[in-house]
Protein chains: 2
Amino acid sequence: MVEDSWVPPSVLLAVDLVILTLRGSRLHLLMVERGIQPYRGDFALPGGFLRDDEEGIVAAAHRELAEEAGLAAGTVHLEQLGVYGEPGRDPRGRVVSVAHLAIAPRLPEPVAGTDAAQAGWWPVDQVLADGFRVAFDHRRIIVDGVEMARAKLEHSSLATAFCASTFTISELQQVYEAVWGVRLDPRNFYRKVHRVEGFIVPEGSSRKPGTGRPAKLFRAGTQVSLYPPIVRSGEPLMSERTLE
Amino acid sequence: MVEDSWVPPSVLLAVDLVILTLRGSRLHLLMVERGIQPYRGDFALPGGFLRDDEEGIVAAAHRELAEEAGLAAGTVHLEQLGVYGEPGRDPRGRVVSVAHLAIAPRLPEPVAGTDAAQAGWWPVDQVLADGFRVAFDHRRIIVDGVEMARAKLEHSSLATAFCASTFTISELQQVYEAVWGVRLDPRNFYRKVHRVEGFIVPEGSSRKPGTGRPAKLFRAGTQVSLYPPIVRSGEPLMSERTLE
DNA sequence: GTAATAGTGTCTATGAGACAATATCCG
DNA sequence: CGGATATTGTCTCATAGACACTATTAC
């Protein structure tokens, strides 16, 4: 019990973004180099405080996505990852951050962002490697985000968020291989994916210029949760570090 | 870009608890009746604002768990569920709530809480049924919490949190049946659970007074994530509503 | 003995992974 | 045609679920 005069404490609310995408065959992450204290010179996740009292959390996440990564709302998958708000995580005061996981399709340009010229894509293994200086508790957030993506690949259609609006089966396979860090059998993967209800739907034939037989094209189906699931398996690749 | 004089807005931070337990063979949830406006007379999740600027979020959740449910920290499983903080969810102002999922073992007493005499356990189906008045956006939080519990039963050892420190296989089975709302074959369940690495470890023999052959006792193993998983299946029980 | 629950054995259909074989493009 | 990738087929092994059966208690 507390006295009637007691008023609850207030905190600063921020959003942080773990933005994942595929570049080549490796999983990448957007990081921005901090130009001011604290953690000046270290790398941090894109993010920031709520603009004002009326701004929703989802809206703030989308705004940062646009400002710092140049990604429009319709382009990316966005979902909540968790809250990081223990006292002491930010030397500037009591800051509570709502971390989000964002998945972007393959992007040609390094970063089209406006706010942060110093933003750039980094291989996830490299960011998580020893010696890479990450600000605040963002290393933990990244680990949690990547693990969430890995887990959701099994039971949800999240993988299609890494692809363009239409894609081939082998492009989809590359997503699984990069995120899980495994190598999969293309033939078994092909049938496995086809067996899942409403995961992918045919979208005409391809005319990709690549060598070999042209692949059929598909787009994401309406189904969000996958049944049967795409179970994680296959042989893990050597070291997460030495991946090319 | 914003002017230098701009300061970020601050919000009120709260924690809310979806506390699940088994009573009889049904999944129950702790709800408190609101004695003040807003939503006076409706039922809400246990929870409240942070006590002060120094209190951690996890600490606040444990404090509410003790105050409103009489549950000590060591007794219950607690984990973060999500953040609910869109503007307008609380008429008193900008309140951001960190929702938690808590799992309590079977409890003899209705509620041993101190703060809220009006707290009580309710069957989840009943709370979610039409006509049951739930305050704020707590219905959504409950739905999300129950779904999270259902999902985590497959891949984590969460089910053991519903049991006492030692338990029989059939008690563990009751957890799965109640949370999933399905009926499982005891013989297949028995072997399935035994196959999972480090899920359960033998703990002497039982001397339960029940009729029939006494069951062996087990306690939770150290393993948190289950492999192979306990896959959800079996025939759904009739209606969630008519469950006894 | 019977009733009741605990625990074991066995069968079968299904599904995953290994891998051969075929198809369709480019040059 | 050969090289490369896509797609289909087939085999085998593991396992999930159905269900008969045995074990151990209370009465």
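So you know, we letter chains A, B, ... as the sequences are listed, proteins then strands, and number each from 1.
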Interatomic distance, [X] [atom1] vs [N] [atom2] [rounded to whole Å]:
X      : N      : atom1 : atom2 : answer
B/Y227 : D/dA14 : OH    : C1'   : 11 Å
A/L184 : C/dG17 : CG    : C1'   : 11 Å
A/I200 : D/dA6  : CD1   : P     : 14 Å
A/L172 : D/dT7  : CG    : C1'   : 16 Å
B/E154 : D/dA16 : CD    : C1'   : 14 Å
A/D185 : C/dA16 : CG    : C1'   : 11 Å

Side chain of A/T211 only, please: which of C/dT24, D/dA4, C/dC19 is the nearest?
D/dA4
Do A/H194 and A/F189 have ring centres separated by under 6.0 Å?
no
Near DNA chain D, which residues from residues 186-197 of chain B have a heavy atom under 4.0 Å away?
B/R187, B/N188, B/R191, B/K192, B/R195
Strictly by modelled atom types, are [X] and [Y] linked by a side-chain donor-acceptor pair under 3.5 Å?
X      : Y      : answer
A/D144 : A/Y84  : yes
B/Q173 : B/R183 : no
A/E79  : A/H77  : yes

Examine distances only and state if a side-chain atom of A/R219 and a backbone atom of A/F167 form a donor-acceptor pair shorter than 3.5 Å.
no
Quick one: on DNA chain D, does B/R213 or B/P229 contact a more 5' nucleotide (nearest heavy atom)?
B/P229
Side-chain N,O (B/S170) to OP1/OP2 (C/dA6) below 4.0 Å:
yes
With a 4.0 Å cut-off on heavy atoms, is B/T168 in touch with a base, just the backbone sugar-phosphate, or nothing at all?
nothing
Starting from the C-alpha separation in whole Å, work towards a yes-or-no answer on side chain to side chain contact (heavy atoms under 4.5 Å, CB included) for A/D125 and A/R26.
CA-CA 9 Å; A/D125 335 306; A/R26 299 178 71 180; 3.0 Å; yes
